[in-house]
Amino acid sequence: MVPATSLDRYDTIGVGYRTHRRPDPRWAARINAALGDAPRIVDVGAGTGSYEPPDRFVVAMDASAVMLGQHPGARRLRGAAEQLPFPDDSFDAAMAIFTVHHWRDVSAGLAELQRVARRQVILTFDNEMEGRFWLSDYVPAMLQQEHSWAATIEGVTGPLGTDHVEVLPVPHDCIDGFMAAYWRRPEHYLDPDVRACISGLALLAPADIEPGMARLAADIESGAWHERYGHLLALDEYDAGYRLVVAGK
């Protein structure tokens, strides 16, 4: 039973998440490789199950009933990362995809991953690099949100005791609609349904985001966006700070 104080914010913003948050096959291949041949996996902060390997035994755990309700798997469990209801060494690998920045106590959650699984695979991001993404010029409030962990990758690698960090560049045609997925397709950020599936935008007050979206729309129409950021159109992929941290055996 999850305490009421731990109910996930995705109970509010997670409705319709699967529409725009589909696993990109290029990232799926990288995550699969990091998981190795682990036959039994726990996906902590599983959400709708993106990037879970379809050919393994996977237990999905999330604090949000709304997100788990959209998860297609049969083994789903509601709970918090900081208190995993499994015995020691229950799994061969634990995965946590785009979730640690929402945990209340990241060090405790990472310790739990180490307790229940011999290998840990974490997809997270470098907050410092996020600040260089052009969208923050239009929505500076997205950089002012409080995250529950240190604003560097060391906030994850330190507790896990690993220096294995892989860069995950974002393809220009990425189909998983996370924050920087549309770095070369700015018009997509004008869609409220797209923004609703990006927590860093969905959690903002309208006054923090609507003026920026109006300015972005005007800049796209006038060509000002292309004048400032048109050099990105020549790139096939972009390093927005997404990192895959791997620890254990």
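All values below come from the heavy atoms of this structure, side chains included, with hydrogens, waters and symmetry mates left out.
- Taking each heavy atom of Val121 and Ala34 in turn, the nearest pair found is CG2-O, 3.7 Å.
- The pair Arg243-Glu166 fails the salt-bridge criterion, with no side-chain N (NZ, NE, NH1 or NH2) lying under 4.0 Å from an Asp/Glu carboxylate O.
- Aromatic pair Tyr242/Phe98: ring centres closer than 6.0 Å.
- Arg26 contributes atom CZ, which lies 6.5 Å from atom SG of Cys174 (distance to the nearest 0.5 angstrom).
- In this structure, Glu237 contributes its side chain and His172 its backbone to no donor-acceptor pair below 3.5 Å.
- Separation of atoms CE (Met95) and CD (Glu52) is listed at 6.0 Å; rounding is to 0.5 Å.
- With rounding to the nearest 0.5 Å, the separation of CG in Leu232 from CG in Asp236 is 12.0 Å.
- Using a cut-off of 4.0 Å between Lys/Arg side-chain N and Asp/Glu carboxylate O, Asp176 and Arg21 are scored as salt-bridged.
- In summary, Arg132 and Asp239 do not engage in a salt bridge, as defined by a charged side-chain N under 4.0 Å from a carboxylate O.
- For the atom pair CD1 of Ile198 and CG of Asp193, the computed distance is 11.5 Å after rounding to the nearest 0.5 Å.
- Without hydrogens or angle criteria, Thr99 side chain to Ala96 main chain gives no donor-acceptor distance under 3.5 Å.
- In plain terms, the two heavy atoms of His71 and Ala60 that are nearest each other are NE2-CB, 3.3 Å.
- For the pair Arg75 and Phe57, the cation sits on the ring face: its NZ or CZ lies under 6.0 Å from the ring centre, inside 45° of the axis.
- Contact detail for Val116 and Pro87: the closest heavy-atom pair is CG1-O, 4.0 Å.
- For Trp134 and Tyr189, the gap between ring centers is short of 6.0 Å.
- Between Pro53 and Ile41, the shortest heavy-atom distance links the atoms CG-CD1, 3.6 Å.
- Rounding to the nearest 0.5 angstrom, the gap separating the CG atom in Leu113 from the CD atom in Glu82 is 10.0 Å.
- For Asp89 and Arg118, the salt-bridge test fails: no basic side-chain N is under 4.0 Å from an acidic carboxylate O.
- Smallest separation of non-hydrogen atoms from Pro159 and Ser107: CG-OG, 3.9 Å.
- Under the 3.5 Å distance criterion, the side-chain polar atoms of Gln70 are matched with a main-chain donor or acceptor of Val66.
- Salt-bridge formation is detected for the pair Arg228/Asp219: a Lys NZ or Arg NE/NH1/NH2 atom is positioned less than 4.0 Å from an Asp or Glu carboxylate oxygen.
- In this structure, Trp183 has its ring center at least 6.0 angstrom away from the ring center of Tyr229.
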